[in-house]
Amino acid sequence: MNRKLRMGMVGGGPGAFIGPVHKMAAELDGKIALVAGAFSQSADRSKAAGAGFGIDADRAYASYDEMFAAESRRADGIDFVVIATPNHLHLPVTKAALAAGIAVMSDKPATATYDEVLELQLVVAAGGLPYGLTHTYAGYSLVREARALCAAGALGAIRKVAVEYLQGWLSQPLEATGQKQAAWRSDPVLNGPGGCIGDIGTHAFHLVEYVTGLKVTSINAALRTVVPGRKLDDDCNALLRLEGGASGTLMASQIAAGEGNGLRLRVYGEKGSLAWRQEDPNRLSVKWLDGPEEIRHAAGGYLSESARAVTRLPGGHPEGYIEAFAVLYREFAEALSGWRKGEVNALPATLPGIEAGVRGMRFIERAIESSKTESWVEF
Ligand code: NAD
């Protein structure tokens, strides 16, 4: 198929955060074009967003149901939809899309609740269509390098993991001002039961399992609500046990005043360790038990094949958040094109899908249970 894949979007209306990022990322490699959308629950705002994105006026719909019905009738209808709405819509929109024969790229978390993701898992399996999940950090070249190092056993058996995801933007009761992103994230009905643990804890959790290749087996978490009047947790500390006897810590906070998007992972093995920071993503520190520290740079010719495969520019030309998102889109586009040609529906192992979605929702549910019972809980 030598045409671009046609993408629809749900969410991403005027003032939205991640919808426009999805458009930029999806279109970066020239394999995908945004052609339709139900960008808002308001028909007028959907039209306004569509005009801003430069799509045909008749393809900016008043609802996602209307979009799926109309696009399914068109010869040039959308091939897949990206879901960039608050969490409570992820399940119903995915179900409606798959029922209309439209593949799905969803933002995380996969659903609002654990029960919902179990339903989603069945729907995705029955639908047979590709389903991707945008755990953005999986798209960074040096995260792929870290993953390759662990997979090759370069660090020896993994003994300890420390992951932290610190933000400061919810240090004040921003939701009380009506700020859009804070408002739905602080509402259990629209967000689901896990506040900070669901919004950014899931990214940290995913990064641990993605890089180490080890599953978390149990958790002891303490979730707190620091800002008075807030309905969901905004600060979390957790101890982890992983397969193979490794242990870990996971800290996630949205009241860490002054922090921006402070995601940091450190992994310690018998022979060495690695450290990566999202705010300085083009450098990976690798330390050895008996040797000097190495700083590996994105696009270095010495990197693993998997890391080099996802860089676009020569070394020293920084790639970041949008490019990492675009890596996931490139892999999704290849999987979807293959599926359309009749190949088996299989996402590459590097691209998060429904399994990562189920793990993430299990993590939220387990962390809440552990915090409530003040005890270790098994996964
Ligand atoms: P946002 O509030 O900025 O945008 C949500 C959009 O959804 C708004 O435009 C809203 O009008 C629209 N919407 C709501 N109901 C709708 C409906 N029925 N039909 C169509 N559109 C509707 O939120 P956001 O910060 O962009 O987050 C959206 C999703 O993306 C969340 O699930 C969030 O967890 C996820 N997210 C992921 C990342 C990442 O790094 N992968 C980053 C930020 C957000």
Side-chain angles (χ1 to χ4, degrees), residues 8-26 36-50 52-53 60-68 81-94 96-97 104-113 116-117 132-140 143 165 167 169-170 174-175 178-187 189-192 194-204 206-207 232 252 254 260-261 263 278 281 320-329 352 356-357 360-361 364:
M9 183 181 290
V10 185
F17 167 28
I18 214 66
V21 174
H22 278 277
K23 173 177 159 59
M24 287 185 263
F39 300 106
S40 166
Q41 59 276 56
S42 137
D44 288 347
R45 290 173 67 77
S46 186
K47 291 268 174 246
F53 286 138
Y61 298 95
S63 74
Y64 61 86
D65 281 327
E66 191 188 307
M67 173 167 76
F68 296 145
V81 66
V82 53
I83 302 174
T85 64
N87 306 342
H88 71 300
L89 290 169
H90 294 188
L91 175 65
V93 178
T94 304
V104 172
M105 186 70 145
S106 175
D107 217 319
K108 48 51 66 181
T111 53
T113 68
E116 282 184 4
V117 87
L133 189 70
T134 50
H135 272 298
T136 319
Y137 307 104
Y140 281 92
V143 167
Y165 199 155
Q167 299 182 334
W169 71 289
L170 290 176
L174 197 56
E175 60 272 34
Q179 201 265 10
K180 193 182 170 73
Q181 283 78 27
W184 70 257
R185 281 178 172 82
S186 308
D187 181 340
V189 176
L190 306 181
N191 178 86
C196 171
I197 197 79
D199 196 32
I200 59 173
T202 44
H203 273 310
H206 179 261
L207 193 63
L232 292 169
Q254 293 179 312
N261 199 40
L263 174 60
Q278 193 273 159
Y321 190 68
I322 292 168
E323 290 87 346
F325 247 112
V327 164
L328 303 185
Y329 270 103
M361 296 313 299
I364 299 170

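All residue numbers refer to positions in the sequence shown, counting from 1. Note that ligands are numbered from 1 as they come in the structure, with each ligand's atoms numbered from 1 the same way.
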Q) Can Met9 and Ile83 be said to form a side-chain contact (heavy atoms from CB on, under 4.5 Å), step by step? A) CA-CA 6 Å; Met9 183 181 290; Ile83 302 174; over 6 Å; no

Q: Would you tell me whether Tyr165 and Asn261 have side-chain atoms, one donor and one acceptor, within less than 3.5 Å of each other?
A: yes

Q: For atom 8 (C) of ligand 1, find the nearest protein heavy atom and state the residue, atom name and distance (0.1 Å precision).
A: Lys180 NZ, 3.6 Å

(Q) Suppose I only count heavy atoms of Leu89 and a 4.0 Å limit; which atoms of ligand 1 are within that range? (A) 15 (N), 16 (C), 17 (C), 18 (N)

Q. So, the side chain of Arg185 versus the backbone of Asn191: is there a donor-acceptor pair under 3.5 Å, distance only?
A. no

Q) Would you say Lys47 and Phe39 make side-chain contact, with heavy atoms under 4.5 Å? A) no

Q. Is Tyr321 touching ligand 1 with its side chain, its backbone, both, or neither, if touching means heavy atoms under 4.0 Å apart?
A. side chain

Q. Would you call His90 a ligand 1 contact, heavy-atom distance under 4.0 Å?
A. yes

Q) Is it the side chain, the backbone, both or neither of Phe325 that has a heavy atom closer than 4.0 Å to ligand 1? A) side chain

**Q.** Nearest heavy-atom neighbours spanning His90 and Thr85
**A.** NE2-O, 2.8 Å

**Q.** For Pro86, atoms of ligand 1 separated by under 4.0 Å from a heavy atom
**A.** 5 (C), 7 (O), 14 (C)

Q. For residues Asp107 and His22, is any side-chain donor paired with an opposing acceptor at under 3.5 Å?
A. yes

(Q) Suppose we measure from atom 3 (O) of ligand 1 to each protein heavy atom; which comes out shortest, and what is that distance? (A) Gln181 NE2, 2.5 Å

Q: Out of Gly15, Pro92, Pro20, Ser40, indicate the one that has the non-hydrogen atom closest to atom 19 (N) of ligand 1.
A: Ser40

Q: Enumerate the atoms of ligand 1 whose separation from the nearest heavy atom of Thr85 is less than 4.0 angstrom.
A: 7 (O), 28 (C), 29 (C), 31 (C), 32 (O)

Q.
Give me the nearest non-hydrogen protein atom to atom 43 (C) of ligand 1 as residue plus atom name, then the distance to 0.1 Å.
A. Phe17 CE2, 3.2 Å

Q: Could you tell me the separation between the CG atom of Leu263 and the OG1 atom of Thr136, rounded to the nearest 0.5 Å?
A: 10.0 Å

Q) Hey, is ligand 1 close enough to Ile18 that some N/O pair sits below 3.5 Å? A) yes

Q: Look only at the side chain of Gln179 and the backbone of Glu175, and say whether a donor-acceptor pair between them is shorter than 3.5 Å.
A: no

**Q.** Candidate with minimal heavy-atom separation from atom 20 (C) of ligand 1, of Gly198, Ala38, Ser46, Ser63
**A.** Ala38

Q) Ignoring hydrogens and geometry, is there a side-chain-to-backbone donor-acceptor pair from Lys180 to Gly15 under 3.5 Å? A) no

Q) Counting each atom of ligand 1 from 1 as listed, which ones have a heavy atom of Asp107 under 4.0 Å away? A) 30 (O), 35 (C), 36 (N), 37 (C), 38 (C), 39 (C), 41 (N)

Q. Where on Ala84 is there a heavy atom closer than 4.0 Å to ligand 1, on the side chain, on the backbone, on both, or on neither?
A. backbone

(Q) Starting from atom 23 (O) of ligand 1, what is the nearest protein heavy atom, named by residue and atom, and what distance separates them? (A) Trp184 NE1, 3.2 Å

Q) With a cut-off of 4.0 Å, which atoms of ligand 1 are near a heavy atom of Gly11? A) 6 (C), 7 (O), 12 (C), 20 (C), 21 (N)

Q. Between Tyr321 and Gln278, is any side-chain donor less than 3.5 angstrom from a side-chain acceptor?
A. no

Q) Does the side chain of Val81 reach to within under 4.5 Å of the side chain of Met105, using non-hydrogen atoms? A) no

Q.
Checking a contact table here: which protein heavy atom is nearest atom 32 (O) of ligand 1, and how many Å away?
A. Asn87 OD1, 2.7 Å

Q: Could you check if a side-chain atom of Pro20 sits within less than 4.5 angstrom of a side-chain atom of Phe53, using non-hydrogen atoms only?
A: yes

Q: Using a strict 4.0 Å cut-off to heavy atoms of Asp199, name the atoms of ligand 1 that fall inside it.
A: 34 (O)

Q) For the atom pair CG (Asn87) and OG1 (Thr113), what is the distance rounded to the nearest 0.5 Å? A) 10.5 Å

Q. Starting from atom 39 (C) of ligand 1, which protein heavy atom do you reach first, and at what distance in Å?
A. Thr136 OG1, 3.3 Å

(Q) Can you name the atoms of ligand 1, numbered from 1 with element, that are less than 4.0 Å from a heavy atom of Gly12? (A) 6 (C), 9 (O)

Q. Nearest 0.5 Å, what's the CD-SG distance between Gln167 and Cys196?
A. 7.5 Å

Q: Could you name the option among Lys108, Met67, Arg45 that has the heavy atom nearest to atom 35 (C) of ligand 1?
A: Lys108

Q. If you measure from each heavy atom of Pro109 to ligand 1, is any distance below 4.0 Å?
A. yes

(Q) Just to confirm my output: which protein heavy-atom neighbour is closest to atom 13 (N) of ligand 1, and how far is it? (A) Gln41 OE1, 3.5 Å

Q) Where do Met361 and Pro109 come nearest, in terms of heavy atoms and distance? A) SD-CB, 3.6 Å

Q. Considering only protein heavy atoms, which is closest to atom 25 (O) of ligand 1, and at what distance to one decimal place?
A. Arg185 NH2, 3.0 Å

Q: Can you sort out which atoms of ligand 1 are near His203, meaning under 4.0 Å from one of its heavy atoms?
A: 39 (C), 40 (O), 41 (N)

Q | N or O contact, Gly19 vs ligand 1, cut-off under 3.5 Å | A | no

